[in-house]
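Step one of this worksheet: look at the structure below.
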Amino acid sequence: MLNTRDIMETITMIQDENLDIRTITMGISLIDCADSDIDKSCEKVYNKIYRYAKNLVSTGEAIERKYGIPIVNKRISVTPISMLAGVSGGDPVKYARTLDKVAKDVGVNFIGGFSALVQKGFSAGDRELIEAIPRALAETDLVCSSVNIGSTKAGINMDAVKLMGETVCKASEYTKDKQCIGAAKLVVFCNAVEDNPFMAGAFHGVGEADCVLSVGVSGPGVVRSVLSKMPDTASMNEVAETIKKTAFKITRMGQLVGTEAAEMLGVQFGIIDLSLAPTPAVGDSVAHILEEIGLEQCGAHGTTAALAMLNDAVKKGGVMASSSVGGLSGAFIPVSEDAGMIDAARKGVLSLEKLEAMTAVCSVGLDMIVIPGDTDPAVVSAIIADEAAIGMVNSKTTAVRVIPAIGLKEGEELDFGGLLGYGPVMPVRKQSPAKMINRGGRIPAPLQSLKN
């Protein structure tokens, strides 16, 4: 039973502390849309997505009005398109255009799944899809792409790592007149999960039901506000306990929205992703949470320890509030989307190397980081390989979403606008890793993979 205090607390969270449902994401399987004729396959794709998702946006808006809870994004994820391209052949960009059209027709913000899973090698359609990614992202507005290049079980596909470094750079080059937005809609994963509702990395896994509705909650502003009221003498145990209780409350709200939306749409409820997803708005920053914990600025020594505690406390609080926790669940650290991260990067306190260390203890990886536009593709590949190694060895999901800012140099800024924010061009090490990247092959799976 809710009491007046609980209700007023929730209203305060929503009105003053940026609490929202970051996304409701409908995952749709396209396996039954495969066809040897690519045009017929695209027609099936459009019809199935439209049939399931035509009421997604209106349902989200109805729930917003009913409960007064903002639902910022309504999104769709689909089965990795490389699987359909492997059956049909032809130009995979046709699928991207179909996805873009149906996304616009049903009114969602993004559609994810122009994806390939190549952690152990390339199968039919994989290489063709990857090579088509820069064109696909340049010729569409709402399509997002992801590629899984490694896993704890399989190791790291270094041929794919090399190809993805080149692909990221091309995606930026092809969209240089649009703030290099192509690279901002492309994620390279290790240990990608099948039920992630967040873009740009969302795809609908082959182990999922035909159609599911998942929720991504977000409340860094709420967590920061609660911590700001604690005395400086509070122990780290007390800080962790406070974060747990706050995450519990946030997750319960997500559970309510997710189950009701799924019921209204007549589809299965999937998961709640507990990730604290920041925005450029003041007061909605993961970096500022770390600073409330006791750091002068995010990036200072102690940042990794504080983030580890935050991530763990969020998970512990969330799993007590829902039996359907999944996705990535933790704390995102996208530089351009977090006001505190932007400030720390501008001042040089937060470096690429420190961000890499932080990714060992949080969700998900090096995210929305702007790098110089003339960065060698081999360096981008090496950044991907380093991050994949962290994920592989630690049996966790890691990812890279870096944006080579064409025409910009270190210290200048790239502004995407909206939720994607803006960020300073951060320095990268210029020493060449090309010899290693060009070796290709596969980094073998670690000993941790032998768990059976």
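In what follows, residues are counted from 1 in the order of the sequence shown. What you see is a predicted model; the values in this text were computed from it and never measured.
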- Using a cut-off of 6.0 Å, state whether more than 12 heavy atoms not belonging to Arg439 lie near its atom CZ. no

- Message: Tell me if the CE atom of Met320 is crowded by more than 12 foreign heavy atoms within 6.0 Å.
- Response: no

- Query: Do you know which two heavy atoms are closest between Ile271 and Asp195, and how far apart they sit?
  - Reply: CD1-O, 3.3 Å

- Item | Pro427 backbone acceptor or donor facing Lys430 side chain under 3.5 Å | no

- Message: Just checking Lys153: does its NZ atom have more than 12 heavy atoms from other residues, nucleotides or ligands closer to it than 6.0 angstrom?
- Response: yes

- Note on the structure: Partner of Lys44 under side chain to side chain donor-acceptor pair (under 3.5 Å), picked from Asp32, Asp35, Asp37, is Asp35

- Distance-only, no hydrogens or angles: does the Asn191 side chain make a donor-acceptor pair with backbone N or O of Lys396 under 3.5 Å? yes

- Applying side-chain contact (heavy atoms from CB on, under 4.5 Å), name anything that partners Asp100, two or more places apart in sequence or on another chain. Lys104, Thr140, Asp141, Leu142, Val143

- Compare all side-chain heavy atoms of Ile371 with those of Val380 and state whether any distance is below 4.5 angstrom. yes

- Between Ala405 and Val425, what is the shortest heavy-atom contact and its length? CB-CG2, 4.3 Å

- Message: Between Ile76 and Val102, is there a side-chain heavy-atom distance shorter than 4.5 Å?
- Response: no

- Please indicate whether Leu450 has more than 12 foreign heavy atoms, meaning atoms of other residues, nucleotides or ligands, lying under 6.0 Å from its CG. yes

- Query: Where do Asp338 and Ser285 land on the side-chain hydrogen bond (donor to acceptor under 3.5 Å, both in side chains) test, with the steps shown first?
  - Reply: CA-CA 5 Å; Asp338 185 307; Ser285 162; 2.5 Å; yes

- Message: Could you check whether any side-chain N or O of Asp177 sits under 3.5 Å from a backbone N or O of Gln179, counting only pairs where one atom can act as donor and the other as acceptor?
- Response: no

- Query: Which residues satisfy the side chain to side chain donor-acceptor pair (under 3.5 Å) test with Ser41, sequence neighbours excluded?
  - Reply: Tyr95

- Message: Restricting to side-chain contact (heavy atoms from CB on, under 4.5 Å), what partner residues turn up for Thr304, sequence neighbours left out?
- Response: Lys354, Ala357, Met358, Val361

- Taking side chain as C-beta onward, heavy atoms only, is Met426 less than 4.5 Å from Val370? no

- Non-hydrogen atoms of Thr359 and Thr398 that approach each other most closely: O-CG2, 4.4 Å

- Hey, are the side chains of Met236 and Ile293 touching, using non-hydrogen atoms and a 4.5 Å cut-off? yes

- Query: Looking only at side chains, do Asp273 and Ser214 share a donor and an acceptor under 3.5 Å apart?
  - Reply: no

- Task: Could you grab the distance from atom CG of Leu56 to atom CE of Met26, nearest 0.5 Å is fine?
- Result: 5.0 Å

- Any donor-acceptor pair under 3.5 Å from Glu208 side chain to Gly205 backbone: no

- Query: Under 3.5 Å, is there a donor-acceptor pair between the side chain of Lys185 and the main chain of Ala138?
  - Reply: no

- Query: Can you check side chain to side chain contact (heavy atoms under 4.5 Å, CB included) on Tyr174 and Leu137, steps first, answer last?
  - Reply: CA-CA 8 Å; Tyr174 282 32; Leu137 298 180; over 6 Å; no

- Do Asp210 and Lys48 sit within salt-bridge range, that is, some charged N less than 4.0 Å from a carboxylate O? yes

- Taking the side chain as every heavy atom from C-beta outward, state whether Pro220 and Phe332 have any pair of such atoms under 4.5 Å apart. no

- Item | Check: Val193 main-chain N/O paired with Asn196 side-chain donor or acceptor under 3.5 Å | no

- Check: Ala209 main-chain N/O paired with His204 side-chain donor or acceptor under 3.5 Å: yes

- Starting from the C-alpha separation in whole Å, work towards a yes-or-no answer on side chain to side chain contact (heavy atoms under 4.5 Å, CB included) for Met199 and Asn109. CA-CA 10 Å; Met199 298 297 169; Asn109 305 97; over 6 Å; no

- Contacts satisfying salt bridge (charged side-chain N to carboxylate O under 4.0 Å, His left out) that involve residues 76-95 (not counting sequence neighbours) are Asp39-Lys94, Asp91-Arg135

- Item | Option from Asp367, Leu352, Leu355 for which side chain to side chain contact (heavy atoms under 4.5 Å, CB included) with Val335 holds | Leu355

- Minimal heavy-atom distance between Glu413 and Pro424, with the atoms involved, is CG-CA, 3.8 Å

- Task: Test Glu43 against Asn47 for side chain to side chain contact (heavy atoms under 4.5 Å, CB included), laying out the working first.
- Result: CA-CA 6 Å; Glu43 183 180 356; Asn47 291 338; 3.8 Å; yes

- Message: The criterion is side chain to side chain donor-acceptor pair (under 3.5 Å); which residues satisfy it with Ser115, sequence neighbours excluded?
- Response: Ser146

- Glu353, CD atom: more than 12 neighbouring heavy atoms under 6.0 Å: yes

- Worked check of side chain to side chain contact (heavy atoms under 4.5 Å, CB included) between Thr251 and Val319: CA-CA 8 Å; Thr251 306; Val319 296; over 6 Å; no

- Please collect all side chain to side chain donor-acceptor pair (under 3.5 Å) contacts where either partner lies in residues 158-171, sequence neighbours excluded, each pair once. Lys162-Asn438

- Are any non-hydrogen side-chain atoms of Met164 and Leu186 less than 4.5 angstrom apart? yes

- Is a side-chain donor or acceptor of Thr303 paired with a backbone partner of Cys298 at a separation under 3.5 angstrom? no

- Do the side chains of Thr375 and Cys169 get nearer than 4.5 Å, heavy atoms only? no

- CZ-CE distance between Arg442 and Met158, expressed to the nearest 0.5 angstrom: 12.5 Å

- Message: Tell me whether Thr79 contacts the main-chain N or O of Leu30 through its side chain, where contact means a donor paired with an acceptor under 3.5 Å.
- Response: yes

- Query: Do Glu173 and Lys176 sit within salt-bridge range, that is, some charged N less than 4.0 Å from a carboxylate O?
  - Reply: yes

- Spell out, as yes or no, whether a donor-acceptor pair under 3.5 Å connects the side chain of Thr175 to the backbone of Lys178. no

- Output for pair (Asp376 CG, Ile437 CD1), nearest 0.5 Å, gives 10.0 Å

- Message: Quick check: closest heavy atoms across Phe203 and Pro80, and the distance to 0.1 Å?
- Response: CD1-CG, 3.8 Å

- Enter the distance from Met392:CE to Ile443:CD1 here, rounded to the nearest 0.5 Å. 6.0 Å

- Query: Do Phe198 and Val187 come close enough that some side-chain heavy atom pair is under 4.5 Å?
  - Reply: no

- Could you grab the distance from atom CG of Asn311 to atom CD1 of Ile243, nearest 0.5 Å is fine? 10.0 Å

- Query: Ile111 and Ala103: which non-hydrogen atoms are nearest, and at how many Å?
  - Reply: CG2-CB, 3.8 Å

- State the SG-CD1 distance between Cys190 and Ile390, to the nearest 0.5 angstrom. 10.0 Å

